[in-house]
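Here the structure is laid out as structure tokens; the discussion comes afterwards.
Remember, it's 1-based here, ligands and their atoms both numbered in the order they're listed.
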Amino acid sequence: MEALTADLSDVVGELPRRLLVAGGAGFIGSAFVRLLLAAEGAPQITVLDKLTYAGNLRNLEEVEAHPSFRFVKGDICDLELADKLARECDCIVNFAAESHVDRSILDPDAFIRTDVYGTYSLLEAARRHHHQRFLQVSTDEVYGDVEAPHLSVESDPARPRSPYSASKAGAELQCFAYHATYGLPVLVTRGSNTYGPFQYPEKIVPLFITQALDGGPLPVYGDGGAVRDYLYVDDHALGIALVLARGTAGSAYNLGQGDPPLDGMTVARSVLQLVGRGEELIQHVADRPGHDRRYALDSAQARALGWLPLLDFERGMGRTVDWYQRRRDWWEPIKSGEFLEFYRRNYRPLEGAGTGS
Ligand code: NAD
Ligand code: DAU
């Protein structure tokens, strides 16, 4: 954390002084807030968050007493609230979203509402109050399935294939329209698959770690051959800060770790090795409908701004497993009630194999 903070101190002075951070109680948003508030000369930060199942005030405990921090509970779709808060700030960074692909397949409604309409609501507030910047936190999933050996570049067309990625692409298009039409200085980041401390245990890395710690099954979709670029959360947060400080308005920036992407079986084996469990815990389950087989990014544009991810997968996973080992107090209460209901709805046996029940 010290090394990342030292890097950030160079750019913190270049940031707008009053940030509205929507979705700042979630996984990446809270890492961004903790990172900025740990730096000297940190800006004023207002977090606006609805505290859905994925939002958690415990993610912000470390900064709750910081003089430059305040928290407002609310919905980004509330135009009046967005307008009121935007009046008191000069920049919005929008992390708020429904973020899990599998949930978007079961229930797309909230994705369209928050990711599409909610982004419009924030754009409108930023436009009215002549904000200096608007940064939309988007995803590499907007490119859709990418055939090897191509690395997606920012000018590639959006070909989203899940309700989640389509909602994120819709949000991006609105951002670019606000830039072209109203001259709003928007920036878009397209981050890759992010992992690290404080991640709700529904995504592959925290799900597999917490399952392995409890000796439970690791449900691998299909053959486990789909690949992703895995990015440590503090590196993602640092990339967003750099783009916010130095990016060119109207542009998108890929943020990927950059090593060859890894498949699901490799992630499962890495977790089991770090936790000290055997491969008998791996359970192949029915594949995700419309599962994108490959994402891979060329992040040269962000690198040119000075961004360099500091942790490779091995070191990032070491830190992450260590955190989940120490912080059962954080994740054990989450893996109950609502989480178990989602788990039962989502995971189905692999056809003909009778597993995964
Ligand atoms: P997350 O699900 O952990 O957090 C989302 C946060 O948004 C939560 O705190 C939630 O309470 C809040 N929220 C949801 N709906 C809201 C609403 N209507 N109003 C106000 N707040 C609301 O998500 P994350 O993994 O931290 O992702 C943050 C952003 O980064 C998302 O926009 C996501 O699309 C994007 N992203 C995520 C990843 C990843 O791997 N996790 C990678 C690239 C991009
Ligand atoms: O790439 C960026 C995206 O990464 C973000 O935009 C999303 O918000 C984030 O959720 C993440 O999406 P993915 O679908 O790539 O992440 P997830 O962790 O759900 O899945 C990663 C890979 O692991 C994918 O190939 C599916 C597989 N998987 C996932 C789960 C949850 C499994 O095999 N088993 C599982 O239980």
Sub-4.0 Å heavy-atom contact, [X] with ligand 1:
X      : result
Arg113 : no
Tyr200 : no
Ser138 : yes
Ala25  : yes

Within reach of ligand 2, part of [X] (heavy-atom separation under 4.0 Å):
X      : value
Val101 : side chain
Leu207 : side chain
Ala97  : neither
Asn193 : both

Which option, [options], owns the non-hydrogen atom nearest [atom]?
atom                    : options                        : result
atom 4 (O) of ligand 1  : Gly26, Gly23, Ser30, Ala22     : Gly26
atom 8 (C) of ligand 1  : Asn56, Asp49, Leu48            : Asp49
atom 19 (N) of ligand 1 : Val142, Ile76, Val47           : Ile76
atom 5 (C) of ligand 1  : Ala97, Ser99, Gly74            : Ala97
atom 36 (O) of ligand 2 : Tyr200, Tyr221, Tyr295, Tyr347 : Tyr347
atom 10 (O) of ligand 2 : Arg288, His236, His284, Lys203 : Lys203

Closer than 4.0 Å to some heavy atom of [X] - which atoms of ligand 1 meet that?
X      : result
Ala96  : 7 (O), 21 (N), 22 (C)
His236 : 43 (C)
Tyr164 : 33 (C), 34 (O)
Val137 : 29 (C), 30 (O), 32 (O), 35 (C)
Ala54  : 2 (O)

Distance, nearest 0.5 Å, that separates CD of Gln44 from CG of Leu36
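Between atom CD of Gln44 and atom CG of Leu36 there are 12.5 Å.
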Euclidean distance, Tyr182 OH relative to His130 NE2, rounded to 0.5 Å:
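Result: 13.0 Å between the selected atoms.
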What protein heavy atom sits nearest [atom], and how far off is it?
atom                    : value
atom 21 (N) of ligand 1 : Lys50 N, 3.1 Å
atom 38 (C) of ligand 1 : Ile28 CD1, 3.6 Å
atom 15 (N) of ligand 1 : Thr114 CG2, 3.5 Å
atom 31 (C) of ligand 1 : Phe95 O, 3.3 Å
atom 40 (O) of ligand 1 : Thr194 N, 2.9 Å

Could you walk me through whether Trp323 and Phe198 satisfy the ring-ring contact (aromatic ring centres under 6.0 Å, His included) test, starting with their C-alpha distance in whole Å, then the side-chain angles of each, then the deciding distance to 0.1 Å, before giving a yes or no?
CA-CA 9 Å; Trp323 188 87; Phe198 296 104; 4.6 Å; yes
Measuring from the heavy atoms of [X], does anything fall under 4.0 Å of ligand 2?
X      : answer
Pro219 : yes
Lys168 : no
Gly264 : no

Mode of [X] contact toward ligand 1 - side chain, backbone, both, neither (heavy atoms, under 4.0 Å):
X      : answer
Lys168 : side chain
Leu51  : backbone
Ser192 : backbone

Are Ser30 and Arg34 close enough that a side-chain donor and a side-chain acceptor fall under 3.5 Å?
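There is such a pair between these side chains.
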Going by atom types only, do Tyr343 and Asn346 share a side-chain donor-acceptor pair under 3.5 Å?
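Side-chain D/A pair, Tyr343 to Asn346: absent.
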Do the ring centers of Phe208 and Tyr195 come within less than 6.0 Å of each other?
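No, the ring centres sit 6.0 Å or more apart.
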Please test Phe32 against Phe95 for ring-ring contact (aromatic ring centres under 6.0 Å, His included), starting from the C-alpha separation and ending with a verdict.
CA-CA 10 Å; Phe32 176 79; Phe95 292 88; 5.3 Å; yes
Salt bridge between Glu172 and Arg190, side-chain N to carboxylate O under 4.0 Å?
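So Glu172 pairs with Arg190 through a salt bridge.
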Test of proximity, [X] against ligand 2: N or O pairs below 3.5 Å:
X      : result
Asp102 : no
Asp292 : no
Ile204 : yes

Would you kindly confirm whether Leu297 and Leu238 end up in one hydrophobic cluster when ILVMFWY residues are joined by side chain heavy atoms under 4.5 Å apart?
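Leu297 and Leu238: separate clusters.
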Does Arg328 have more than 12 heavy atoms from other residues, nucleotides or ligands lying within 6.0 Å of its CZ?
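Yes, enclosed.
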Which residue, Phe111, Phe27, Phe342, forms the ring pair (Phe, Tyr, Trp, His ring centres under 6.0 Å) with His100?
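Looking at Phe111, Phe27, Phe342, the match for His100 under the ring pair (Phe, Tyr, Trp, His ring centres under 6.0 Å) is Phe342.
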If the test is salt bridge (Lys or Arg N to Asp or Glu O under 4.0 Å), which one of Glu341, Glu98, Glu338 qualifies with Arg103?
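Filter result, single survivor: Glu338.
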